[in-house]
Every structure is written in structure tokens, then in C-alpha cells.
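Data first, discussion second: the structure below is written as C-alpha cells.
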Amino acid sequence: MSDALAALNEKFGIPGALRITTGQGGLACVEVGTEACTGRIYFQGAHVTHWQPAGGRPVIWLSRQSWFEAGKPIRGGVPVCWPWFGTGPNGDRQPPHGFARLMSWELEATRRGDGGKVALVMVLRSNEETRRHWPHDFELRLRATFGRELILKLETTNTGRTPFTIGEALHTYLAVEDIERTQVKGLEGMNYIDRLDANRTKRQEGAVTFTAETDRIYLAEGEAQVEEGRRKIRVGKQGSATTVVWNPWIQKAKAMPDFGDEEWPGMVCVETCNVPPREVEVGPGTVQQMRAAVSVEERGA
Ligand code: TA6
């Protein structure tokens with residue numbers, strides 16, 4: 001183990017629950033393993049790539065073809081999209097989904113909770129590199145709690161003297177057996193922007209089902225549920241005014257080099273976010289928080 005990893009484990013390691021190690025591609029990550037769950041989060045992008053409650057199946061999906069290279073986005077897990085979503089409200093922002101997921105964050109704190117919970121905080125502070133992308137001073141924290149639930153809080157602090165506006169997403173990739181047998185509930189009656197139909201606004205009739213590429217921004221503030229067979233994955237949220245639902249389907253999956261051609265049936269994104277038209281203004285010296293809570297029920301278990 002390198003001296004740097006040894007020092008991080010000395011400071012933040014929790015014997016029998018949390019260790020800092022090197023993961024895929026040699027990238028540094030934090031591994032969690034307790035009686036409640038296993039989990040993994042990379043320093044790059046504070047990117048959760050794994051969460052599996054004890055006795056259950058993995059809940060977070062990760063592409064077998066994902067890149068694990070510094071500065072390249074990991075495909076799957078929970079990308080932190082910040083300080084813009086996609087290419088921004090005017091389609092002119094690069095890199096797509098912002099720079100936070102491409103940068104190396106710092107581990108700030110770790111703590112063992114009750115019932116096998118482990119909490120940790122990663123932070124990204126504005127610096128010369130971030131200012132080349134975006135001329136504002138900030139601290140961005142991801143507060144993650146791994147347990148029988150996965151709780152992620154994305155916390156933006158404006159440390160500058162002027163307000164700024166952010167688009168943000170916990171772009172959660174969830175594992176399913178077969179997208180064609182999967183429904184997303186909780187969005188019935190909500191208006192959504194269909195990103196595949198000239199951004200027309202439509203109304204959701206009944207549960208969301210999948211028969212083709214699906215890429216929708218729901219103007220929704222409540223919980224969504226992913227139901228397939230006996231399993232129900234709840235994605236609860238606070239401080240989020242939009243929910244994105246996405247599956248790339250066949251052609252888009254083939255077009256992505258970091259996404260296996262045959263992987264599209266096995267995932268669905270249900271993203272906890274504040275994206276256009278509901279970006280968020282953060283005043284100087286203030287904190288804005290968005291929270292996602294992922295939990296699983298196996299009916300008849
Ligand atoms: O959240 C859905 C989406 O915006 C899709 O349009 C697709 O671009 C997806 O995100 C993946 O984006 P990425 O930059 O990670 O390839």
C-alpha cells in the first residue's frame with residue numbers, strides 16, 4: 001500500500017467497516033463493508049459505484065465497459081453532475097454534466113453509525129482548475145451514508161461574494177433484470193419535458209414503461225419507485241424539483257464506447273436533480289442541499 005493510502009487509512013479508516021484502497025484502473029476509492037451492506041465510492045467525482053444491502057442484489061448499476069481513467073467519466077453508479085446538467089440551459093457548457101465528476105475530491109470525514117451504517121464526506125473546493133471552467137468560489141460536499149439505505153446529500157456552499165446558478169444531479173443508475181418488464185411509479189400525472197421530442201412538455205399517464213430510448217425531465221418533487229417483479233427500489237428525495245428518467249435503448253447504447261451494446265436492458269436512471277427549467281440560485285455565503293435516499297423492498301421475501 002502506498003504511503004498516501006496508508007496515511008489516509010490511518011486518519012479515516014474504520015477497522016471492519018471502511019478502508020481506502022485502489023479500485024478499478026488504479027483509481028483511489030473508499031470501500032465499505034458491514035453487516036448492513038457493501039459499498040464503494042471513488043475519489044474521482046465522489047462517484048458511488050456500488051451499493052448492495054446485505055442479503056440482497058446490487059442496486060447500483062455499473063457498465064462492464066466503463067472507463068476508470070483520471071479525468072474521464074465513470075459510466076454508471078451515481079455521477080455527480082454539477083454545476084450544470086447536460087450542456088447547460090443554453091447548450092453551450094462543456095464538459096457535459098459539468099466538471100465535478102471529472103475531478104479528484106478530498107475525503108473530509110468518516111464515521112461509523114448504528115446498525116452497520118457508515119457515513120463519509122467528500123469535498124471539492126474551487127481552485128484554479130475549476131475556475132478555468134466556471135468563475136465562482138464554492139465548496140461542494142457529498143455526504144454519503146451507506147447502510148440498509150443509501151443516502152446521498154449534495155451540498156453546495158457559495159463561498160464567493162456574488163450569487164451563482166447551478167444545475168445539479170445525482171445521476172443514479174439503478175440495476176434491473178429487464179427494462180421491458182420495469183415500471184417507474186410515483187410520477188403519474190406529472191408534467192415532463194420529452195428530450196427526444198423537441199423538448200415538448202407532456203403529462204405522464206400511469207406508470208412510466210419502456211419500449212424505446214427514454215429521456216425525460218419530470219417536474220416532480222416526490223419519491224419515485226422502480227418496480228420489477230418482486231423488487232421495488234424507492235428513490236426518495238428532498239430539495240429536488242426535477243427527476244430525470246433515462247434508458248438509452250439499443251442505438252444510443254451502441255453509440256457509447258463505455259456502454260456495452262447488450263447492457264441497456266439491465267439499467268434505468270432515476271436522477272435526483274435540479275435541472276433546467278428548475279436550476280437553483282445560491283446566494284453568497286449560503287448553502288443549498290439536495291438529498292436522495294435509495295432503498296429496496298423484495299415483496300414476498
Ligand atoms: O440524464 C440523461 C442524460 O442527460 C442523457 O441525455 C445522456 O446524455 C445521459 O445523461 C448520459 O450522459 P453522459 O454525459 O454521462 O454520457
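For ligands, and for the atoms within them, numbers begin at 1 and follow the listed sequence. Computation of the quantities below employed the complete heavy-atom set of this structure, encompassing side-chain atoms and omitting hydrogens, waters and symmetry-equivalent molecules.
For E279, there are no side-chain hydrogen bond (donor to acceptor under 3.5 Å, both in side chains) partners at least two apart in sequence or on another chain.
Between R231 and V59 there is a side-chain heavy-atom pair separated by less than 4.5 Å. Contact annotation: the side chain of Q65 never approaches that of M256 to less than 4.5 Å [non-hydrogen atoms, C-beta and beyond].
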N/O donor-acceptor pairs under 3.5 Å from side chains in residues 79-95, not counting sequence neighbours:
unit_1 : atom_1 : unit_2 : atom_2 : d
W82    : NE1    : T156   : OG1    : 3.0
W84    : NE1    : P95    : O      : 2.8

Name every donor-acceptor pair, under 3.5 Å, that has one atom in a side chain of residues 186-195 and the other anywhere in the protein, sequence neighbours excluded.
unit_1 : atom_1 : unit_2 : atom_2 : d
E188   : OE1    : G186   : N      : 2.8
E188   : OE2    : G186   : N      : 3.4
D194   : OD1    : L196   : N      : 2.9
D194   : OD1    : D197   : N      : 3.4
D194   : OD2    : K202   : NZ     : 2.9

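Contact residues for ligand 1 (protein heavy atom closer than 4.0 angstrom to any ligand atom): R75, F85, H97, R101, H171, R195, D215, V244, W246, K252, E271.
For R278, the CZ atom counts as densely surrounded, since its 6.0 Å shell holds more than 12 non-hydrogen atoms of other residues, nucleotides or ligands.
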